[in-house]
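Computed from a prediction, not measured in an experiment: that's the story for all the values here.
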Amino acid sequence: MKLNLRAIDLNLLTIFDAIMQHKRMSQAAEALHMTQPAVSGALTRLRVLFGDPLFVREGRGVTPTAAAMRLAPGIIDSLSRLQQSLGYLQQFDPQE
């Protein structure tokens, strides 16, 4: 299955990252300054996009599926690189 990058809402990847990091929907929502239902809705969209549950309930939190574990390193690295690239704009001095 090849996904068209243009068809993906890249904001969903930051939500995936937050869920991976916090392992709780409510904490991910708080970190993202979103409501928990909005994060749940985004997770539903991610599940459809990737054809996998990605996270399953376990106690009060969620556990990533094998597919989420395979996706995570690339998504997290890509978001980190993008954040780093955008950070260069804040340091940019057009007179240099």
**Request:** Start with the C-alpha distance between Arg45 and Asp9, add both sets of side-chain angles, then the distance that settles salt bridge (Lys or Arg N to Asp or Glu O under 4.0 Å), and finish with yes or no.
**Result:** CA-CA 9 Å; Arg45 291 174 60 200; Asp9 177 353; 3.3 Å; yes
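- Applying the side-chain contact (heavy atoms from CB on, under 4.5 Å) test between Thr63 and each of Arg57, Lys23, Glu58, Met69 identifies Glu58 as the sole match.
- Between Met20 and Ala72, the shortest heavy-atom distance links the atoms CE-CB, 3.6 Å.
- For the pair Val62/Leu43, no side-chain contact is recorded, criterion being any heavy-atom separation below 4.5 Å from C-beta on.
- A continuous path of Ile, Leu, Val, Met, Phe, Trp and Tyr side chains, each step under 4.5 Å between heavy atoms, connects Phe55 with Leu79, placing both in one hydrophobic cluster.
- The two residues His22 and Ala31 have their closest heavy-atom pair at NE2-CB, 3.4 Å.
- Put simply, the side chain of Ile19 reaches to within 4.5 Å of the side chain of Met25, judged on heavy atoms.
- Atom CZ of Arg81 and atom CG of Leu86 lie 14.0 Å apart (nearest 0.5 Å).
- Counting non-hydrogen atoms of neighbouring residues, nucleotides and ligands closer than 6.0 angstrom, the CD atom of Glu30 reaches no more than 12 such neighbours.
- Leu71 and Leu49 fall within a single hydrophobic cluster, where Ile, Leu, Val, Met, Phe, Trp and Tyr side chains are chained together by heavy-atom contacts under 4.5 Å.
- Follow the hydrophobic side-chain contacts under 4.5 Å out from Leu12 and you reach Leu5 in the same cluster.
- Side-chain atoms of Gln84 and Ser80 include no donor-acceptor pair closer than 3.5 Å.
- A single hydrophobic cluster is not seen to contain both Ile76 and Leu13; linkage of ILVMFWY side chains at heavy-atom distances under 4.5 Å, directly or through other members, places them apart.
- Checked by atom type and distance alone, the side chain of Thr14 never pairs as donor or acceptor with a backbone atom of Leu10 at under 3.5 Å.
- Rounding to the nearest 0.5 angstrom, the gap separating the CG atom in Asn11 from the CE atom in Met34 is 8.5 Å.
- Expressed to the nearest 0.5 Å, how far CG of Asp52 lies from OG1 of Thr65 amounts to 3.5 Å.
- Between the CZ atom in Phe16 and the CD1 atom in Ile75 there is a gap of 4.5 Å [rounded to 0.5 Å].
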